[in-house]
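All values below were derived from every heavy atom in this structure, side-chain atoms included, with hydrogens, water molecules and symmetry-related copies excluded. Below, chain A is the first sequence line, B the second, and so on; all start at residue 1. Computed from a predicted model, the values in this text were never measured in an experiment.
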Amino acid sequence: MTDTTAELLTTADGRPLKAALAKAQSRAKYRALFLVLPLLFFILLTFVAPIGQMLKRSVENDSFSATAPNLGLWFAQNPQGSEINEAAYAALAADLLYMKENRSAGEAGTRINYDLSGSRSMFTSTARKADKLEPPYKEALIAADKGWDDPMLWQVMRSASDKVTADFYIAALDMTRDETGAITAVGEDRQIYKLLFKRTLILSTLITFLCFILAFPVAHLLATLPMAKSNLLMILVLLPFWTSLLVRTTSWIVLLQGEGVINSLLYAMGIIGEDGRIQLIYNQAGTIIAMTHILLPFMILPLYSVMRTIPPSYVRAARSLGATSWTAFRRIYFPQTLPGIGAGGLLVFILCLGFYITPALVGGASGQLISNLIAFHMAKSLNWSLAAALAALLLGGVMILYWLYDRLVGIDKLKLG
Amino acid sequence: MKKTLILTTALTGFAFAAAAQEVVVMSWGGAYGTSQVEAYNKPFTEATGIKTTMIDADNPATPIKAQVEAGNVTVDVADVEYSDAVRLCDEGLLEPIDPAILPAAPDGTPATEDFVEGAINDCSVANIVWSTIYAYDTTKFADGAPTTMADFFDTAKFPGKRGLRKGAKANLEMALMADGVPAGEVYDALETAEGVDRAFAKLDTIKSDVVWWEAGAQPPAMLAAGDVTMTTAYNGRIFNAAVAENQPFNIVWDGQIMDFDLFVVPKGAPNKDAAMQYIAFATGTQPLADQAKYISYGPARKSSGPLVGLYQDGKTEMGPQMPTAEANLANALVNNFEFWADKDTELNERFNAWLAN
């Protein structure tokens with residue numbers, strides 16, 4: 001029966017209708033795909049590719065392995081714990097010669113120096129005279145620099161010889177490898193990243209909370225006032241939002257510094273003495289105040305757009321059924337604003353995690369966030385792999401939070417406007 | 001701030017890269033940058049017709065790696081510190097410079113002998129000797145001014161905030177010298193864990209009074225604004241503020257740390273030949289001597305010394321303002337570039353941890 005129907009339904013030129021339809025639909029699909037192709041390409045180029053490259057760099061380890069092929073071979077043949085014999089030293093000597101010829105001793109030394117400070121000059125100085133090394137290499141190398149005898153150095157070279165490594169992630173968690181290759185915590189006086197991750201999370205949570213407390217009444221006012229007045233208020237919210245970040249941050253410096261507006265005002269009013277000027281900037285307080293102000297619009301705007309859509313009749317209905325104003329707010333109004341709170345909170349929190357300029361300018365030493373250390377490794381120490389590992393951990397943290405949000409609140413409830 | 005700086009730097013560099021014969025020079029800005037424009041860039045353009053563009057960075061060494069690795073080099077010549085010149089050269093990020101291109105001194109002494117020791121390297125040629133010193137506001141210490149490195153760390157005797165460069169370099173050396181280590185033994189002490197602990201312990205004593213600076217132009221501004229009463233700084237910047245802008249600043253030479261600034265050419269520089277021409281011109285005897293007319297940094301050529309005369313105001317004798325002047329050398333330290341090339345990572349890591357805690 002179906003067969004006969006299929007035979008019956010044909011297009012004018014005699015093709016089966018089903019096939020013609022499929023063809024037409026697939027053409028439409030291709031056309032649609034063609035339309036989004038520029039966007040897809042744009043996202044690939046500006047978003048996926050850089051993040052992919054960053055992740056690749058955080059595990060890539062070729063600065064030593066590519067410059068020391070002989071040692072790599074020896075480490076591959078001799079497992080962890082093998083005695084460092086003459087063959088190993090011969091491989092090292094051959095690699096040093098190779099480095100001399102390619103001018104890559106500095107690159108190799110820098111890589112080893114990340115894990116073992118002071119070893120950089122051993123590579124550069126020994127490589128300089130590598131062509132004069134003669135067997136037995138062990139004696140010759142130790143004569144050139146007694147540091148070559150160090151078992152720690154050999155362990156570091158072993159882990160640096162792998163083409164792919166987790167070492168930068170280990171370092172990003174304040175850990176290192178000891179002489180046997182086991183992972184241990186670094187000394188107390190060098191631990192910094194875990195502290196900064198923790199500080200970043202705590203400050204971001206605090207700033208998000210402060211933004212929420214400040215933004216909720218403002219957004220409510222904006223949503224309930226008559227249009228003419230609320231538009232004026234809206235401009236007051238948007239004006240700072242459109243002002244450059246740097247301008248807003250430096251204005252806070254003017255306001256908050258020791259000789260600044262706020263302290264001078266307090267002093268003039270006799271609330272504080274000349275010695276009692278409050279330190280409001282170049283510490284955590286500065287970071288919190290300036291960032292809360294800068295991120296406030298990101299909380300107000302989603303809240304406002306959600307609050308506008310809540311019909312006032314619901315609360316009125318609740319009141320007429322006998323609810324107190326507090327109960328009506330708590331049980332009727334507030335739950336309806338949750339999508340806005342979720343969107344604003346997520347926006348502010350994620351922006352906080354990556355905030356860089358404001359803490360750098362007003363944070364002093366105690367107000368620095370993890371992003372400042374990432375910038376330090378990008379621009380100053382030039383250890384890009386470590387910077388990439390730190391950034392990847394931050395990205396991972398955001399993904400987990402996003403996932404949690406999705407599980408707890410549901411991402412479909414997110415409303416940005 | 002830094003990021004915007006690098007970005008604008010890159011953009012300016014990019015915008016100009018298209019023009020024909022020209023050299024893009026990246027230096028430290030401020031009074032120092034001006035002195036280079038006046039003494040090197042303008043005469044160079046006049047002599048060769050090659051256009052020069054000066055761009056600023058907090059530390060010109062840092063954008064080089066980014067540019068070379070990204071394959072988008074926009075800078076032809078950069079002015080960097082010694083340890084950075086060595087490190088960048090070792091990592092293959094610089095073009096080698098053939099010393100044969102450097103002109104001989106007017107009396108015929110070949111360049112290799114005319115430059116002070118260590119000034120000519122595989123990939124870099126020094127132009128000036130500068131130093132990190134500390135300076136104070138004379139109006140704040142009317143009855144008894146600080147004279148030694150130890151005074152800088154003595155906030156009881158000399159109250160007020162202190163300015164320090166945000167980083168381990170120079171601060172650790174100064175802390176040890178203030179703690180009584182003679183200049184000659186500072187780096188030996190820093191090689192040991194106890195020495196480093198000692199330096200950090202000394203820094204601890206003023207930690208809560210420190211305002212940190214990053215760009216060379218900041219310390220004179222901080223002194224002038226009254227944010228600090230004393231600050232470490234590059235000597236030329238303080239000289240410029242004191243003499244050209246009549247600020248009541250005074251330099252304490254005790255415990256000064258001398259260093260070179262060197263010209264380098266990043267690998268793959270778009271105008272490499274013009275860059276080499278520029279370096280050969282700028283490090284000639286006369287331009288180096290001229291440069292001292294604008295800022296108190298010592299020329300790296302011996303033959304330039306006698307040609308150094310008066311400051312551009314026509315009355316200040318430049319000789320005694322140089323880090324290399326006899327009277328200023330009493331307790332001077334020469335920056336150990338190899339030590340810093342080696343230990344930079346570790347000590348800055350520790351410094352950052354110290355700062356964050």
Side-chain angles (χ1 to χ4, degrees), chain A residues 63 99 102-110 113-125 127 171 174 186-193 195-196 199 245-246 249-250 257-259 279 282 356-357 360-361 364-369 372-373 375-384 386, chain B residues 1-6 57-59 61-66 69 84 86-94 96 122-123 161 166-168 191 193 196-197 200 207-208 210-212 214 225-228 267 337-357:
Chain A
S63 50
M99 289 174 199
N102 291 292
R103 298 177 62 86
S104 56
E107 198 187 340
T110 303
N113 209 43
Y114 288 152
D115 292 322
L116 184 68
S117 184
S119 51
R120 191 182 174 286
S121 59
M122 286 168 55
F123 280 89
T124 50
S125 65
D174 288 330
V186 300
E188 197 91 358
D189 57 359
R190 285 177 63 190
Q191 296 198 3
I192 177 166
Y193 304 118
L195 173 96
L196 283 182
R199 181 187 290 166
L245 184 75
L246 275 175
T249 305
T250 34
Q257 61 187 324
E259 307 281 319
Q279 182 74 31
Y282 306 125
Y356 158 72
I357 293 182
L361 288 179
S366 66
Q368 300 292 303
L369 303 180
N372 298 103
L373 253 284
F376 169 81
H377 284 301
M378 281 302 292
K380 292 213 173 129
S381 80
L382 302 180
N383 188 350
W384 287 2
L386 184 54
Chain B
M1 185 90 121
K2 181 103 186 202
K3 214 176 206 166
T4 42
L5 204 66
I6 294 175
D58 279 355
N59 180 356
T62 49
I64 290 181
K65 173 168 169 155
E69 292 214 351
D84 286 328
V86 172
R87 193 169 46 88
L88 293 170
C89 186
D90 282 344
E91 286 174 29
L93 298 172
L94 303 177
D122 290 352
C123 328
K161 295 267 180 199
K166 197 170 170 187
E191 289 280 0
V196 175
D197 288 345
F200 276 105
K207 188 176 179 183
S208 55
V210 173
V211 179
W212 301 97
E214 290 186 69
D227 290 344
V228 295
K267 196 163 210 85
F337 70 90
E338 200 145 53
F339 174 84
W340 280 111
D342 248 5
K343 296 271 188 165
D344 206 31
T345 311
E346 181 201 5
L347 291 177
N348 268 315
E349 226 170 58
R350 170 133 182 216
F351 179 83
N352 284 331
W354 173 80
L355 202 59
N357 277 298

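- Using a 4.5 Å cut-off between heavy atoms, Ser121(A) contacts chain B through both its backbone and its side chain.
- For chain A, no part of Asp344(B) is nearby; none of its heavy atoms comes within less than 4.5 Å.
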*asked:* Determine whether Arg350(B) and Ile192(A) satisfy the following criterion, side chain to side chain contact (heavy atoms under 4.5 Å, CB included), listing intermediate values before the conclusion.
replied: CA-CA 9 Å; Arg350(B) 170 133 182 216; Ile192(A) 177 166; over 6 Å; no

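- Among all heavy-atom pairs drawn from Gln191(A) and Ala353(B), the shortest one is O-CB, 3.7 Å.
- Between the CH2 atom of Trp384(A) and the NZ atom of Lys65(B) there is a distance of 6.0 Å, given to the nearest 0.5 Å.
- The structure places CE of Met378(A) at 11.0 Å from OG1 of Thr62(B), a figure rounded to the nearest 0.5 Å.
- In terms of heavy-atom pairs under 4.5 angstrom with chain B, the leader among Gly106(A), Ala105(A), Gly109(A) is Gly106(A).
- Highest contact tally toward chain A, considering only Ala225(B), Ala341(B), Gly92(B), is held by Ala341(B) [criterion: heavy-atom pairs under 4.5 Å].
- Between Asp189(A) and Trp354(B), the closest side-chain pair of non-hydrogen atoms is not below 4.5 Å.
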- [ ] Just do the side chain to side chain contact (heavy atoms under 4.5 Å, CB included) check on Tyr114(A) and Glu349(B) with the steps written out, would you?
- [x] CA-CA 10 Å; Tyr114(A) 288 152; Glu349(B) 226 170 58; over 6 Å; no

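- No part of Asp84(B) comes within reach of chain A, as not one of its non-hydrogen atoms sits under 4.5 angstrom from that chain.
- Between Asp227(B) and Gln257(A) the shortest side-chain heavy-atom distance falls below 4.5 Å.
- Here the CG atom belonging to Asn352(B) is positioned 4.5 Å from the CZ atom belonging to Phe376(A), to the nearest 0.5 angstrom.
- In this structure, no portion of Leu116(A) lies under 4.5 Å from any heavy atom of chain B.
- Neither the backbone nor the side chain of Glu191(B) has a heavy atom closer than 4.5 Å to any heavy atom of chain A.
- In this structure the side chain of Asn113(A) never reaches within 4.5 angstrom of the side chain of Lys343(B), judged on heavy atoms.
- Side-chain atoms of Asp90(B) and Arg120(A), non-hydrogen and from C-beta on, do get closer than 4.5 Å to each other.
- Of the two parts of Leu195(A), only the side chain, counted from C-beta on, holds a non-hydrogen atom closer than 4.5 Å to a non-hydrogen atom of chain B.
- The two residues Asp342(B) and Ser117(A) have their closest heavy-atom pair at O-OG, 3.9 Å.
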